[in-house]
Amino acid sequence: MYKGVITPDYTLVRPVLLALGAIPVIVAILIAVPLITKPDIPFSAANSRDTFEFEYTRHQLSKISLGVTDRLAPQKTEVLVIRNDGTMTYSVTEGNDIKPMINDTLESDRLDRLKAIIKETGFIAIESQSFPILDDITEYQKSNVKVTLNGQTNQIHWPEQDATEKFVPPIITMVEAQFAQIINRIRE
């Protein structure tokens, strides 16, 4: 008769937890992809009484070694603010050089699509997470989106996927891609 200690086998626990954690991400993708690819906006997203403001910030960071400690220094910072009426402000700072601010207007259909993506996918309800940076990374991009919907504000920070071991949800990168397209259009 065996009198040793019986230890449970946890080899299936982690895959099950990962599968359960992936379900909300998959649902968000299934909601977001049609919103991005189809031209019409869902009725619930096109509520004219909703008030939005988006602030997207993108930092190009690099680690500077100060001997015992390291410090992050922004090489380039871009800030895009989109107001409810579609007016936009874009500013860039490279090192200590502050570029002139650019004012522009976002087309109403593109603004409605951006509002729909934020509203219909539950982006405003995503909890802020911590994304630890890998030790061997010396330069990376860090982004931030601050969304205000009808007075409710949510702010999310994340690094590029290559700079962290943690999984950056696809809905975050899809929203980031929308803001990057708008910035590219402004800079043209």
Side-chain angles (χ1 to χ4, degrees), residues 24-25 28-29 32 35-36 51-107 110-111 113-119 121-149 151-188:
V25 172
I29 291 171
L35 290 174
I36 293 171
T51 57
F52 281 87
E53 182 171 292
F54 307 111
E55 183 177 319
Y56 173 69
T57 307
R58 182 167 55 185
H59 302 282
Q60 299 296 330
L61 301 170
S62 63
K63 284 184 185 177
I64 298 174
S65 180
L66 301 172
V68 178
T69 61
D70 290 338
R71 182 176 84 83
L72 285 176
Q75 302 302 311
K76 181 177 181 181
T77 300
E78 298 173 278
V79 179
L80 173 67
V81 177
I82 303 173
R83 289 169 207 77
N84 195 51
D85 61 356
T87 58
M88 300 184 295
T89 305
Y90 173 70
S91 61
V92 179
T93 304
E94 290 190 57
N96 293 330
D97 185 25
I98 300 173
K99 307 282 185 189
M101 202 175 285
I102 299 173
N103 294 308
D104 203 346
T105 304
L106 190 61
E107 305 84 23
R110 186 122 194 204
L111 180 63
R113 178 170 287 146
L114 188 58
K115 288 178 181 179
I117 291 168
I118 298 294
K119 189 174 175 184
T121 61
F123 185 86
I124 191 87
I126 295 175
E127 292 183 22
S128 187
Q129 301 177 25
S130 175
F131 293 94
I133 304 302
L134 297 169
D135 291 335
D136 60 340
I137 300 294
T138 58
E139 293 186 3
Y140 63 96
Q141 177 178 299
K142 183 176 181 183
S143 300
N144 172 52
V145 172
K146 179 180 173 184
V147 177
T148 304
L149 167 61
Q152 179 186 3
T153 300
N154 190 20
Q155 192 164 358
I156 302 170
H157 310 270
W158 70 95
E160 61 187 328
Q161 185 63 64
D162 294 342
T164 184
E165 287 180 349
K166 209 165 177 187
F167 180 67
V168 178
I171 185 62
I172 292 175
T173 55
M174 289 162 73
V175 168
E176 178 181 29
Q178 294 296 310
F179 285 115
Q181 288 176 0
I182 293 168
I183 287 173
N184 290 339
R185 186 188 66 82
I186 289 172
R187 286 193 290 192
E188 291 177 348

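What's counted below: heavy atoms across the whole structure, side chains too, no hydrogens, waters or symmetry copies.
Side-chain contact check for Tyr90 versus Arg187: some heavy-atom pair is nearer than 4.5 Å. In this structure, the side chains of Leu80 and Ile186 come closer than 4.5 Å at one or more pairs of heavy atoms. When side chains are defined from C-beta on, Arg185 counts as touching Asp104, because their heavy atoms get closer than 4.5 Å. Using a 4.5 Å heavy-atom cutoff, the side chains of Lys115 and Leu111 are in contact. Within the 4.5 Å cutoff, side-chain heavy atoms of Ile117 are placed close to those of Arg113.
Taking all atoms of both residues into account, the shortest heavy-atom contact from Gln60 to Gln141 is NE2-OE1, 2.8 Å. Between Arg58 and Ala180, the shortest heavy-atom contact is NH1-CB, 3.9 Å. The two atoms that bring Pro74 and Leu61 nearest to each other are CA-CD2, 3.7 Å, heavy atoms only.
Applying the 6.0 Å contact sphere to CG of Asp135 captures no more than 12 heavy atoms from other residues, nucleotides or ligands. Residue Ile102 places its CD1 atom among more than 12 non-hydrogen atoms of other residues, nucleotides or ligands, all under 6.0 Å distant.
Between the side chain of Thr164 and the main chain of Pro132, a donor-acceptor pair closer than 3.5 Å is present. Checked by atom type and distance alone, the side chain of Asn103 never pairs as donor or acceptor with a backbone atom of Thr89 at under 3.5 Å. Panel note: side chain Gln161, backbone Val168; a donor-acceptor pair is recorded below 3.5 Å.
Taking CG of Asp85 as the start and OG1 of Thr105 as the end, the distance is 7.5 Å to the nearest 0.5 Å. The CG atom of Leu114 lies 13.5 Å from the NZ atom of Lys119; values are rounded to the nearest 0.5 Å. Summarising the geometry, atom CG belonging to Asn144 is positioned 11.0 Å from atom OG1 belonging to Thr77; distances are rounded to the nearest 0.5 Å. The structure places CD of Glu139 at 6.5 Å from CD of Gln75, a figure rounded to the nearest 0.5 Å. In this structure, CG on Leu106 lies 5.0 Å from CD1 on Ile182, to the nearest 0.5 angstrom. To the nearest 0.5 Å, atom CG of residue Asp162 and atom CD1 of residue Ile133 are 11.0 Å apart.
The side chain to side chain donor-acceptor pair (under 3.5 Å) check on Thr57 picks up nothing, with sequence neighbours excluded. Evaluation of the side chain to side chain donor-acceptor pair (under 3.5 Å) rule for Glu160 yields no partner, not counting sequence neighbours. A search for side chain to side chain donor-acceptor pair (under 3.5 Å) contacts involving Asn96 returns nothing, not counting sequence neighbours. The side-chain contact (heavy atoms from CB on, under 4.5 Å) test applied to Thr153 returns Lys146, Thr148, not counting sequence neighbours. For Glu53, the side chain to side chain donor-acceptor pair (under 3.5 Å) test picks out no residue, with sequence neighbours left out. With sequence neighbours excluded, the residues satisfying side-chain contact (heavy atoms from CB on, under 4.5 Å) with Leu134 are Asp136, Ile137, Glu165.
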Test log, rule side-chain contact (heavy atoms from CB on, under 4.5 Å), inputs Leu72 and Lys63: CA-CA 5 Å; Leu72 285 176; Lys63 284 184 185 177; 3.7 Å; yes
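Aromatic rings of Phe52 and Phe54 (six-membered ring for Trp) have centroids within the 6.0 Å cut-off, being under it.
Ring-plane geometry between Trp158 and Tyr56 is classed as tilted, the angle between the planes lying from 30 to 60 degrees on a 0 to 90 degree scale.
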